[in-house]
Amino acid sequence: QVQLVESGGGLVQTGGSLRLSCAASGNIIFSRMAVYWYRQAPGKQRQFVASITSGEATTYADSVKGRFTISRDNAKNTVYLQMNSLKPEDTAVYYCKTPRAFGPDYWGQGTQVTVSP
C-alpha cells in the first residue's frame with residue numbers, strides 16, 4: 001500500500017506563489033516512483049499539471065509552463081510543486097498520484113488552491 005498526502009494549499013492573490021507538497025509513505029521505494037500532479041476545478045474534469053520520473057525528468061501542461069516547477073526530495077519521500085505567478089484560473093483542488101503496476105493508481109486526498117483576482 002501507498003499513502004499520498006498533499007499539503008500547502010491556501011488562498012493567495014493573483015501573482016502570488018504557493019508550494020505544494022506530496023508526501024508518500026507505505027511499502028515503497030520512493031526513489032523509483034514517478035509522481036504526477038493533477039488539478040480539478042469546480043464543474044470541470046481533472047487535468048494533468050506536471051509530472052516527475054524517478055530519473056527526475058519533468059513534464060508540464062502548457063498552461064503552467066514557465067510558472068510551475070516540480071521537484072522531488074527522495075530523502076523526504078516528497079514531491080513538490082512550486083507555483084509562481086498564480087492566476088485565478090489556477091484555482092482548483094490539486095492532487096498527486098503515483099501509478100501502480102496492477103490496479104488503480106494511488107491518489108492523495110487533494111489540497112485546495114484558491115487564487116483571488
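Note that this is a predicted model, so its numbers are computed, not measured.
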*Asks:* For Lys65, give me all partners under salt bridge (Lys or Arg N to Asp or Glu O under 4.0 Å), at least two apart in sequence or on another chain.
*Replies:* Asp62

*Asks:* Do Val93 and Val5 sit in the same hydrophobic cluster, where Ile, Leu, Val, Met, Phe, Trp and Tyr count as joined when their side-chain heavy atoms come under 4.5 Å apart?
*Replies:*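 No.
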
*Asks:* How long is the gap from CD on Gln47 to OH on Tyr38, to the nearest 0.5 Å?
*Replies:* 10.5 Å

*Asks:* Between Gly8 and Thr111, which heavy-atom pair has the shortest distance, and what is it?
*Replies:*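 Minimum heavy-atom separation between Gly8 and Thr111: N-OG1, 4.2 Å.
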
*Asks:* When you compare the side chain of Ser17 with that of Arg67, does any pair of heavy atoms fall below 4.5 Å?
*Replies:*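 A side-chain contact under 4.5 Å is absent here.
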
*Asks:* Can you confirm whether more than 12 heavy atoms, excluding those of Glu89, are under 6.0 Å from its CD atom?
*Replies:*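 Atom CD in Glu89 is packed in, count exceeds 12.
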
*Asks:* At their closest point, which heavy atom of Ala92 faces which heavy atom of Ala41, and how far apart are they?
*Replies:* CB-N, 3.8 Å

*Asks:* Report yes if the side chains of Thr59 and Ser51 come closer than 4.5 Å at any heavy-atom pair, otherwise no.
*Replies:* yes

*Asks:* Charged N to carboxylate O below 4.0 Å: is that the case for Arg100 and Asp105?
*Replies:*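 Salt bridge: no.
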
*Asks:* Any donor-acceptor pair under 3.5 Å linking the side-chain atoms of Glu56 with those of Thr58?
*Replies:*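 Their side chains do not contain a donor-acceptor pair, so the 3.5 Å distance test is not met.
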
*Asks:* Quick check: do Ile29 and Ser31 have side-chain heavy atoms less than 4.5 Å from each other?
*Replies:*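 Contact flag for Ile29/Ser31 side chains = yes.
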
*Asks:* What pairs of residues pass the side-chain hydrogen bond (donor to acceptor under 3.5 Å, both in side chains) test when at least one of them lies in residues 74-83, not counting sequence neighbours?
*Replies:* Arg72-Asn74, Gln82-Asn84

*Asks:* Could you tell me if the side chain of Tyr95 sits less than 4.5 Å from the side chain of Arg39, heavy atoms only?
*Replies:* no

*Asks:* Before you tell me yes or no, could you show the steps for Glu6 and Trp107 under side-chain contact (heavy atoms from CB on, under 4.5 Å), namely the whole-Å CA-CA distance, both residues' side-chain angles and the distance that decides it to 0.1 Å?
*Replies:* CA-CA 10 Å; Glu6 301 95 335; Trp107 289 87; 5.9 Å; no

*Asks:* At what distance, to the nearest 0.5 angstrom, does CD of Gln109 lie from CD of Gln3?
*Replies:*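 Output value for this atom pair is 11.5 Å.
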
*Asks:* Hydrophobic clusters join Ile, Leu, Val, Met, Phe, Trp and Tyr when side-chain heavy atoms are under 4.5 Å apart, directly or via other members; which others share one with Tyr106?
*Replies:*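 Answer for Tyr106: Val2, Leu4, Val12, Leu18, Leu20, Ile28, Phe30, Met33, Val35, Trp37, Val49, Ile52, Tyr60, Val64, Phe68, Ile70, Val79, Leu81, Met83, Leu86, Tyr94, Val113, Val115.
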
